[in-house]
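A quick write-up on the structure given underneath.
Computed from heavy atoms alone, side chains included, the values below leave out hydrogens, waters and symmetry copies. For ligands, and for the atoms within them, numbers begin at 1 and follow the listed sequence.
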Amino acid sequence: MTYVIAQPCVDVKDRACVDECPVDCIHEGERTLYIDPDGCVDCHACEPVCPVEAVFHEDDLPRQWAHYRSVNAEFFELASPGDGRGDHRVVAALPPQSSRKRDIAVFPVGREDTDDVDVWFPTSTS
Ligand code: SF4
Ligand code: SF4
């Protein structure tokens, strides 16, 4: 089991969760942070400190952000060691995000099946 960082973190990134994680499995992209599901020990320490309620247990993800379980995992599966990482393409395609909850929009995504991993991608950016 793992915790997941969803869309509310995008463009907020205050890193409060990083300081709480006992196993350093929360990593930084350009616009958001991502939890490595292979490192997360399911301790719950990160979730209550997030000021925008971006962190969820994978079983508790809101339906509109259910794909962020894969977005977090794919960030690590698809990155090459030592590269600049950037962001998962679902995140990279988002318009500038607000930290105000009512302004957080929902964007449609699609899934492409590959041999090793299901790759999520944005189907609209506006
Ligand atoms: S649940 Fe615990 S181990 Fe997993 S990312 Fe959060 S702080 Fe780190
Ligand atoms: S505490 Fe929340 S907003 Fe801050 S970096 Fe972590 S997930 Fe993002």
Side-chain angles (χ1 to χ4, degrees):
M1 305 301 271
T2 184
Y3 277 71
V4 172
I5 294 177
Q7 188 175 308
C9 179
V10 177
D11 297 334
V12 177
K13 270 183 66 175
D14 73 326
R15 299 177 55 87
C17 55
V18 175
D19 294 336
E20 298 300 320
C21 183
V23 293
D24 293 330
C25 70
I26 305 176
H27 296 265
E28 191 166 351
E30 289 289 324
R31 296 180 62 194
T32 189
L33 278 75
Y34 303 83
I35 294 175
D36 183 352
D38 292 334
C40 179
V41 295
D42 217 18
C43 75
H44 182 71
C46 53
E47 191 252 297
V49 301
C50 178
V52 292
E53 298 178 27
V55 186
F56 299 89
H57 189 271
E58 63 176 316
D59 290 340
D60 297 329
L61 272 166
R63 190 169 57 179
Q64 72 271 25
W65 295 323
H67 56 290
Y68 274 82
R69 169 68 175 83
S70 295
V71 166
N72 279 241
E74 289 169 7
F75 176 74
F76 299 97
E77 292 163 358
L78 302 178
S80 301
D83 73 8
R85 281 270 164 94
D87 278 304
H88 187 282
R89 57 181 166 171
V90 164
V91 172
L94 292 170
Q97 298 293 289
S98 169
S99 61
R100 294 190 304 176
K101 206 169 206 176
R102 66 177 178 274
D103 292 338
I104 295 173
V106 175
F107 300 93
V109 292
R111 189 175 68 178
E112 164 189 311
D113 293 328
T114 69
D115 288 345
D116 302 321
V117 64
D118 295 337
V119 181
W120 288 89
F121 59 90
T123 56
S124 171
T125 58
S126 60

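Near Val52, with a cut-off below 4.0 Å to any heavy atom, the atoms of ligand 2 are 3 (S). The atoms of ligand 1 that sit less than 4.0 Å from any heavy atom of Val23 are 3 (S). Residue-ligand proximity, Cys50 to ligand 2, at heavy-atom distances under 4.0 Å covers atoms 1 (S), 2 (Fe), 3 (S), 7 (S). Within the listing of ligand 1, atoms 7 (S) sit less than 4.0 angstrom from a heavy atom of Pro22. Close contacts of ligand 2 with Lys13, meaning ligand atoms under 4.0 Å from a residue heavy atom, involve 5 (S).
A 4.5 Å side-chain heavy-atom check between Asp42 and His57 finds at least one atom pair inside the cut-off. Under the 4.5 Å side-chain criterion, counting only non-hydrogen atoms from C-beta, Val91 is in contact with Tyr34. Inter-residue side-chain proximity for Trp65 and Phe56 is flagged as met; some heavy-atom pair is nearer than 4.5 Å.
With hydrogens left out, the protein atom closest to atom 8 (Fe) of ligand 2 is Cys9 SG, 2.3 Å, a heavy atom. Atom 5 (S) of ligand 2 has its closest protein heavy atom at Arg15 N, 3.2 Å. Ranking the protein heavy atoms by distance from atom 3 (S) of ligand 2 puts Asp14 OD1, 3.5 Å first.
Residues in residues 4-17 take part in these salt bridge (Lys or Arg N to Asp or Glu O under 4.0 Å) pairs, two or more places apart or across chains: Asp11-Arg31, Lys13-Glu28, Arg15-Glu28. Applying the salt bridge (Lys or Arg N to Asp or Glu O under 4.0 Å) test to every pair with at least one member in residues 58-69, sequence neighbours left out, gives these pairs: Glu58-Arg69.
Put simply, CD on Gln7 and CG on Leu61 are 12.0 Å apart, with the number rounded to the nearest 0.5 Å. Distance check: Thr32 OG1 to Tyr68 OH gives 7.0 Å after rounding to the nearest 0.5 Å.
Around atom 6 (Fe) of ligand 1, protein N, O or S atoms at a distance under 2.8 Å total 1; waters are neither shown nor counted.
Taking the six-membered ring wherever Trp is involved, the centroid distance between the rings of His27 and Phe76 falls below 6.0 Å.
With Glu47 contributing its side chain and Ala45 its backbone, the two residues share no donor-acceptor pair below 3.5 Å.
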Anything under 3.5 Å between a donor and an acceptor, one on a side chain of residues 16-25, the other on a protein residue two or more places apart or in another chain? List them.
none

